Amino acid sequence: MKKLIAFDLDGTLAESKSPIDADMSLLLHDLLGIVKVAVISGGDWPQFEEQVLSHLPHDDSLKSLSLLPTCGTKFFRYTGHWEKIYSEDFTGDQKTTIIASIKKAVAEAGFKVPNAWGEVIQDRGSQITFSALGQQAPLEEKNKWDPDFSKRKKIKAILDPLIPGFSVELGGATSIDVTKPGIDKAYGIRKLKDVLGVPLKEMIFIGDALFAGGNDYPAEQAGVVSVCVRGPHETKRVIQTIIACLSDRGQEAVSS
């Protein structure tokens, strides 16, 4: 019987940089009532607040929710307030090296966007994120820019040898995330195991970037049963199925 369901955020629970909708909010609340839930995303804490927390009921169900921003390089749990368990931050020199390397790789790949919407390279403390069109780009434009990940794979191929001591993963609709080596969603999954005491075999991870090089891929490589979805509409069906299965098994255990 599964005891923890972990989700990616952008492209899985919600569209890129968008809030979860009313149906997703209800489903997550119902899920929190029967199992532990975690969200591991490339976004930083403010994104979690805007996209998820502000759309969930503020009740005791939050005690079953763990939030891991910036690809698992940070970990928050609710204990009456949101408590930071850890944050694997970069040094100043590391940030300088990564940012300069991203700029070089993007320029060499030929994918620099002249009129971006907001910040293109964002310092998230424990993660440096490149957003090709800018943080505030319209969803329609994001979805058109690199739907098959080919542009970002080219940038990654140039970037990897420039910063061999760091992890480079693709995520969201237009993003590339850089973290410390080994500090990725697999690290987050293992921290969930250690902090919550849930074995990997009792977890499920759900995400849209489970291919090699995608920022959800390390979670699958950690040994967790993983489900690939193609957007929030598919995630809702998966959650409905999980709720039905867990509820049925719970009733069977009680009756036996």
Side-chain angles (χ1 to χ4, degrees), residues 1-15 17-89 124-127 129 171-172 177 179 183-200 202-207 215-216 218-219 222 224 226-227 232 235-236 238-240 242-243 246-247 250:
M1 189 169 178
K2 301 303 180 185
K3 295 182 179 178
L4 172 68
I5 313 300
F7 297 91
D8 171 48
L9 178 51
D10 280 352
T12 300
L13 291 176
E15 299 294 348
K17 300 293 190 299
S18 301
I20 59 173
D21 64 24
D23 289 339
M24 187 67 80
S25 174
L26 288 172
L27 285 168
L28 286 176
H29 188 254
D30 288 346
L31 190 62
L32 284 165
I34 58 176
V35 71
K36 296 181 187 298
V37 174
V39 182
I40 310 179
S41 171
D44 206 351
W45 178 249
Q47 194 172 325
F48 277 69
E49 290 183 303
E50 294 171 12
Q51 291 184 250
V52 180
L53 291 180
S54 62
H55 302 277
L56 287 176
H58 285 228
D59 57 27
D60 282 347
S61 68
L62 292 179
K63 292 178 181 178
S64 296
L65 179 63
S66 298
L67 300 177
L68 289 82
T70 53
C71 292
T73 64
K74 299 177 184 178
F75 190 133
F76 291 82
R77 285 191 71 190
Y78 188 76
T79 57
H81 65 281
W82 285 101
E83 177 186 358
K84 183 188 290 185
I85 306 299
Y86 68 77
S87 182
E88 302 287 357
D89 293 336
R124 296 177 176 175
S126 56
Q127 176 179 291
T129 296
D177 300 319
T179 60
I183 311 295
D184 52 21
K185 289 189 178 180
Y187 181 83
I189 288 289
R190 290 190 291 270
K191 282 294 188 179
L192 285 167
K193 174 179 70 70
D194 295 341
V195 173
L196 303 181
V198 179
L200 297 180
E202 295 178 1
M203 299 182 189
I204 296 174
F205 179 81
I206 301 166
N215 70 357
D216 294 331
V224 176
S226 298
V227 179
T235 302
K236 290 174 186 176
V238 173
I239 295 174
Q240 289 167 342
I242 291 172
I243 290 173
L246 292 179
S247 298

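Since the model is a prediction, treat every value here as computed from it, not as a measurement. In this chain, residues are counted from 1 in sequence order.
Panel note: side chain Ser226, backbone Val224; a donor-acceptor pair is recorded below 3.5 Å. Side-chain atoms of Asp184 come within 3.5 Å of backbone atoms of Tyr187 as a donor-acceptor pair (strictly under, hydrogens ignored).
When all heavy atoms of Thr12 and Met24 are compared, the pair lying nearest together is O-CE, 4.0 Å. Considering all non-hydrogen atoms of both residues, Ala219 and Ile189 come closest at CB-CG1, 4.0 Å. For the residue pair Ser18 and Ala14, the shortest heavy atom distance occurs at O-CB, 3.2 Å. Closest approach of Leu68 and Ala38 over heavy atoms only: CD1-CB, 4.4 Å. Closest non-hydrogen pair, Gln240 versus Leu27, comes out as CG-CD2, 3.7 Å. Closest of all the heavy-atom pairs between Pro57 and Ser25 is CD-OG, 4.2 Å.
Counting heavy atoms from C-beta outward, Ile206 and Asp216 have side chains that stay 4.5 Å or more apart. Within the 4.5 Å cutoff, side-chain heavy atoms of Arg77 are placed close to those of Val195. Looking at Leu9 and Val52, their side chains come closer than 4.5 Å, going by heavy atoms from C-beta outward. Between Trp82 and Leu65, some side-chain heavy-atom pair lies under the 4.5 Å cut-off. At least one side-chain heavy atom of Leu196 sits under 4.5 Å from a side-chain heavy atom of Ser66. Proximity of Lys2 to Ile242: side-chain heavy atoms (C-beta onward) are nowhere separated by under 4.5 Å. In this structure, the side chains of Ile85 and Lys74 stay at 4.5 Å or more apart for every pair of heavy atoms. Contact of the Ile204 side chain with the Leu4 side chain is not registered, since no non-hydrogen atoms from C-beta on lie closer than 4.5 Å.
Gln127 and Asp44 form no side-chain donor-acceptor contact under 3.5 Å, judged by distance and modelled atom types alone. Counted by atom type alone, Thr70 and Ser126 present one or more donor-acceptor pairs between their side chains at under 3.5 Å. With no hydrogens or angles considered, no side-chain donor-acceptor pair links Tyr78 and Glu83 at under 3.5 Å.
To the nearest 0.5 Å, the span separating NE2 on His81 from CG on Leu62 amounts to 13.0 Å. Here CD1 of Ile40 is found 13.0 Å from NZ of Lys191. Values are rounded to the nearest 0.5 Å. Distance check, rounded to the nearest 0.5 Å: CD1 of Ile5 to CD1 of Ile239 gives 9.0 Å. A distance of 12.5 Å separates CG in Leu31 from NZ in Lys36, rounded to the nearest 0.5 Å. Remark: Asp8 CG to Cys71 SG distance equals 8.5 Å, nearest 0.5 Å. In this structure, the separation between OG on Ser61 and CD1 on Ile34 is 12.0 Å, given to the nearest 0.5 Å.
No salt bridge links Lys185 with Asp177; every basic N to acidic carboxylate O contact stays at or beyond 4.0 Å.
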For side-chain hydrogen bond (donor to acceptor under 3.5 Å, both in side chains), just list the numbers for Asp21 and His55, CA-CA rounded to whole Å, side-chain angles, deciding distance to a tenth of an Å, and then say yes or no.
CA-CA 8 Å; Asp21 64 24; His55 302 277; over 6 Å; no
Phe75 and Leu67: side chain to side chain contact (heavy atoms under 4.5 Å, CB included), yes or no, with the steps?
CA-CA 6 Å; Phe75 190 133; Leu67 300 177; over 6 Å; no
Would you check, one step at a time, whether the test side chain to side chain contact (heavy atoms under 4.5 Å, CB included) holds for Lys3 with Met203?
CA-CA 6 Å; Lys3 295 182 179 178; Met203 299 182 189; over 6 Å; no
Could you walk me through whether Phe48 and Val39 satisfy the side chain to side chain contact (heavy atoms under 4.5 Å, CB included) test, starting with their C-alpha distance in whole Å, then the side-chain angles of each, then the deciding distance to 0.1 Å, before giving a yes or no?
CA-CA 9 Å; Phe48 277 69; Val39 182; 3.7 Å; yes
Applying side chain to side chain contact (heavy atoms under 4.5 Å, CB included) to Arg124 and Trp45, what does each step give before you reach the verdict?
CA-CA 9 Å; Arg124 296 177 176 175; Trp45 178 249; over 6 Å; no
